[in-house]
Asks: 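What follows is a single structure, and I will ask about it in a moment.
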Amino acid sequence: MSAAAGTPAEGGGDRPWQSYHTAYTNAKAGMEGVDKEKVQKVIYEMSKGSKYFENEQRKEALTKQKIEYLRAQCATLTDNDISHFQKVAEKKMLELEASRDLSKIWLHTDMDAFYAAVETLEDPSLKGKPLAVGSMSMIATASYEARKFGVRAAMPGFIGCKLCPGLVFVRPNFERYTHYSELTRKVFQRYDPNFIATSLDEAYLNITNVCIERGITGEEVATELRAAIHQETGLTCSAGVAPNRMIAKVCSDINKPNGQFILPNDREAVLTFVSTLPIRKIGGIGKVTEQMLRQVLGISTCQEMLQKAAFLCALFSEGSADFFLSVGLGLGGTETPEQRQRKSISCERTFTATSDSSLLFDKLANLAENLTDDLQKEGLKGKTLTLKLKTADFEVRTRAVTTRGYINSKEDILIYATKLLKAEMPLSLRLMGLRMSQLHDEKDDSSTSTQKTLDIFFRSSGNDLNVNGANVQSSTNTSGQDISPISVTTKDEYLVHDAGTSASTDQQDFFVHDESIFIPEQRNLVSYSNEAVLSNPVIDDALGEAKLDDVTPSAKVMNAEKFDDVCQLTSHEATASSSKPGQQLWIDDYVCSICGFELPPGFEEERQEHSDFHLAESLQHEETVDSKRPISNERLAERSCSTTPTPKKKLKSSKEGKHIPIDAFFAKCNKNL
DNA sequence: TACATACAC
DNA sequence: GATGGTGTATGTA
């Protein structure tokens, strides 16, 4: 195998710090004169032995395994394989080359040490001092003075202190940063009304029209724009100008701070530029990808992507290979993308590790509340709730559940979140997070709040206890069947709706991520009308089903166990049961003995409502004395909860060659034979 | 769909 | 003594 000319495994032995790579190992602008070896040593010494460090070691070991695996795959390639992939790669490169568009001029701007610069502007006494915006745990931004000592963003503050004993710390103040960010965006808007803001301090501008209309060069636009930003904010920024966004971003980093770099719209210039460019400079190529490409294929510059094109096509997925080859050709991002919708919304918090379950449930409730606030502020509901856990050992797990309907109330979120968390207990955690995805706009949804739903139910119980009672209209589905209100579910999973412009609301007390693509022209996209969602899905799914099903309470008690089986949660002994309405018992202080519905301790109000529900149900039962359908609490469980089983620790060490490209190759080879 | 990973800032 | 929060994309099962 000729191409697997990876460098020998570095580090280990007498210089263990050399092999400890962190997110902040690679140099940032302003760190040119830094004694990297010394910094590495300090980072290593201060990290060594910590749980964080040990987790990093585990992750590195996995990366090494991946690298070994790819090397092995590489070694199996025959000359025939290689020539086949060479052809594949050449075809791809021709196609990519044909797509090259040199008619656009893109400008990328990046504020210089943004948070630190804003703080210095607000408090001039900080000027000239090594400054870290952040805390002892984490630095968000380091001033250029601090960078000279090796201090940088994403580094924990205590390591920064060690590297730079006089380091001054300032707590982040996101309202300030947002204010200054808005000032910069006013300037951007004048040059490109459709500019793309990727964070508070970075943006892409398509300046093609400005250049044409005013008959000026990209360089002149950059100079003028940077001057305007300085004029209007008092802050400096750097800019890169190039025929596409990928290159423009790299260019803005070249003469940082307070500088600019222009790459002409010329194919040769682009290829020359890319020929020596380290792959790590490219957005999307991080620590792991860099290591893989270097250690498996000996690739360290973009141009080498082209030399090793056949191997890239052989070893990686089509998407990855396309990306790598584009990088080698210096292509990427010439059209303004469609405004993208937010896909998820989340909230997570780190705290002192604890295994105290009541503390953990409290924290979960806080998260649910925060998430609800954020969802409601944006008028969003979601279907998939993901619980993120980070153990005291820094191991990260995520557990998700998809509900049948869209939810966004604290109560609903907490019911599912609690279920997910309970299934993982006991464990010691240092972080919990909740994320809602599969979102849609609340205003497109006719569903109402939990309370309202219960109101409707109770009103209906009072008047007409028939399942098709007056308060809940019967509806007809597409196949013309009469369907019960309870089973009416929304069918708008792929609803398209207007996202609007989003001014970032930086509520967090630390880092902020402003993902909004700022497109001031609000466009109303088509939104497909959804079928009516009559009421709160959680209640519909869990309680409503029970309302339809007609069974004796004792049968329900028996099924409470199955509920747990289906959800694969801790099994509860349904020993405590009551067939009398109003005397409902909570098994394990948690599960409703009648229907298996779970409500954690502390939800006394909700429990009361739930008990009331069964009371009403029981009354209804007395009125409609038919027992047509035996209850299916399994169905109830399936409907309300699709929680996945507890972690199956899969060891991804299956040495069986399952890598798609390789398999695909053999499939193709067989066809070709 | 669920989960893990990688990445950006 | 101590290593973040928000969001996207992708691969895999």
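Nothing here was measured: the structure is a model prediction, and the numbers come from that model. Letters go in sequence order (proteins before strands), and every chain restarts at 1.
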Asks: Counting heavy atoms from C-beta on, name the nucleotide in C:dG7, B:dC7, C:dG5 closest to the side chain of A:Glu348.
Replies: C:dG5

Asks: Measure from the side-chain heavy atoms of A:Lys390 and tell me the nearest of C:dG11, C:dG4, C:dT8.
Replies: C:dG4

Asks: Identify whether any heavy atom of A:Glu202 sits under 4.0 Å from a base atom; if not, whether one sits that close to sugar-phosphate; answer base, sugar-phosphate or nothing.
Replies: sugar-phosphate

Asks: Taking atom types as they are modelled, is there a donor-acceptor pair under 3.5 Å from the base of C:dG7 to the side chain of A:Arg435?
Replies: yes

Asks: Quick one: A:Phe324 CZ to C:dT10 C1', roughly how many Å, whole number?
Replies: 12 Å

Asks: Could you tell me the separation between the CD atom of A:Glu56 and the C1' atom of C:dG4, rounded to a whole number of Å?
Replies: 13 Å

Asks: Does a salt bridge link A:Asp374 with A:Lys377, judged by any charged N lying under 4.0 Å from a carboxylate O?
Replies: yes

Asks: Rounding to a whole Å, what distance do you find between A:Arg58:CZ and B:dA4:P?
Replies: 14 Å

Asks: For the pair made of CE in A:Met436 and P in C:dT8, what is the distance, rounded to whole Å?
Replies: 14 Å

Asks: Between A:Arg399 and B:dA4, is there a contact of a side-chain N or O with OP1 or OP2 at under 4.0 Å?
Replies: yes

Asks: Counting only side-chain heavy atoms from C-beta out, which of C:dA9, B:dC3, C:dT6 sits nearest to A:Thr398?
Replies: B:dC3

Asks: For A:Leu62 and for A:Ile285, locate the closest nucleotide of DNA chain B by heavy-atom distance; then report the residue assigned to the nucleotide nearer the 5' terminus.
Replies: A:Leu62

Asks: List in chain and number order the residues that pass ring pair (Phe, Tyr, Trp, His ring centres under 6.0 Å) with A:Phe261, two or more places apart in sequence or in another chain; answer none if no residue qualifies.
Replies: A:Phe273

Asks: At under 4.0 Å between heavy atoms, what does A:Lys51 touch on the DNA or RNA strands: base, sugar-phosphate, or nothing?
Replies: nothing

Asks: With sequence neighbours excluded, tell me which residues meet side chain to side chain donor-acceptor pair (under 3.5 Å) with A:Asp322.
Replies: A:Lys92

Asks: Choose from B:dA6, C:dG11, C:dT6 the nucleotide whose nearest atom is closest to any side-chain atom of A:Arg349.
Replies: C:dT6

Asks: Quick one: do A:Glu119 and A:Arg176 satisfy salt bridge (charged side-chain N to carboxylate O under 4.0 Å, His left out)? Show the steps, please.
Replies: CA-CA 8 Å; A:Glu119 295 300 337; A:Arg176 280 182 187 166; 2.6 Å; yes

Asks: Would you mind telling me which residue lines up with the more 5' stretch of DNA chain C, A:Gly319 or A:Thr350, judged by nearest nucleotide?
Replies: A:Thr350

Asks: Considering only B:dC3, B:dC9, B:dC7, which nucleotide approaches the side chain of A:Thr289 most closely?
Replies: B:dC7

Asks: How close or far is atom P of B:dT5 from atom CD of A:Glu60, stated in whole angstroms?
Replies: 14 Å

Asks: According to salt bridge (charged side-chain N to carboxylate O under 4.0 Å, His left out), who are the partners of A:Lys41, at least two apart in sequence or on a separate chain?
Replies: none

Asks: Contacts to DNA chain C from residues 39-49 of chain A, heavy-atom cutoff under 4.0 Å, which residues?
Replies: A:Ser47

Asks: For A:Glu54, give me all partners under side chain to side chain donor-acceptor pair (under 3.5 Å), at least two apart in sequence or on another chain.
Replies: none

Asks: So that I can tick it off, tell me whether A:Arg71 and A:Glu68 are bridged by a salt bridge, with the cut-off set at under 4.0 angstrom between side-chain N and carboxylate O.
Replies: yes

Asks: Return no unless some side-chain N or O of A:Arg342 is found under 4.0 Å from OP1 or OP2 of C:dG7.
Replies: yes

Asks: Between A:Lys66 and B:dA6, is there a contact of a side-chain N or O with OP1 or OP2 at under 4.0 Å?
Replies: yes

Asks: Quick check on C:dA9: is either OP1 or OP2 less than 4.0 Å from any side-chain nitrogen or oxygen of A:Arg340?
Replies: yes

Asks: Between B:dC9, C:dG7, B:dC7, which one does the side chain of A:Ser344 approach most closely?
Replies: C:dG7

Asks: It should be established whether A:Lys59 places a side-chain nitrogen or oxygen under 4.0 Å from OP1 or OP2 of nucleotide B:dT5.
Replies: no

Asks: Could you check how far CG of A:Leu371 sits from C1' of C:dT6, rounded to whole Å?
Replies: 12 Å

Asks: NA contact type, A:Lys249, heavy-atom cut-off 4.0 Å: base, sugar-phosphate, or nothing?
Replies: sugar-phosphate

Asks: From C-beta outward on A:Phe158, which listed nucleotide comes closest to its side chain: C:dA2, B:dA4, C:dG11?
Replies: C:dA2

Asks: Which part of the nucleic acid, if any, lies within reach of A:Ser50 when heavy atoms closer than 4.0 Å are counted: base, sugar-phosphate only, or nothing?
Replies: base

Asks: Return no unless some side-chain N or O of A:Ser320 is found under 4.0 Å from OP1 or OP2 of C:dT10.
Replies: no

Asks: Among B:dA2, C:dG5, B:dA8, which nucleotide sits nearest the side chain of A:Thr384?
Replies: B:dA2

Asks: Looking at the side chain of A:Ala400, which of B:dA4, C:dG11, B:dA2 is the nearest nucleotide?
Replies: B:dA2

Asks: How close or far is atom P of B:dC9 from atom OH of A:Tyr115, stated in whole angstroms?
Replies: 12 Å

Asks: What is the nucleic acid contact for A:Tyr24, judged by heavy atoms within less than 4.0 Å: base, sugar-phosphate only, or nothing?
Replies: base

Asks: Could you work out which one of B:dT1, B:dA6, B:dC9 sits closest to the side chain of A:Gln438?
Replies: B:dT1

Asks: Looking only at side-chain N and O atoms, does A:Ser317 come under 4.0 Å of OP1 or OP2 in C:dG11?
Replies: yes

Asks: Could you tell me whether A:Lys48 and A:Glu45 make a salt bridge, using a distance below 4.0 angstrom between a side-chain N and a carboxylate O?
Replies: yes

Asks: May I have the distance from A:Ile67 (atom CD1) to B:dT5 (atom P), rounded to whole angstrom?
Replies: 15 Å

Asks: Check ring pair (Phe, Tyr, Trp, His ring centres under 6.0 Å) between A:Phe188 and all other residues, then give those that pass, not counting sequence neighbours.
Replies: A:Phe195

Asks: Under 4.0 Å between a side-chain nitrogen and a carboxylate oxygen: does that hold for A:Arg397 and A:Glu395?
Replies: yes

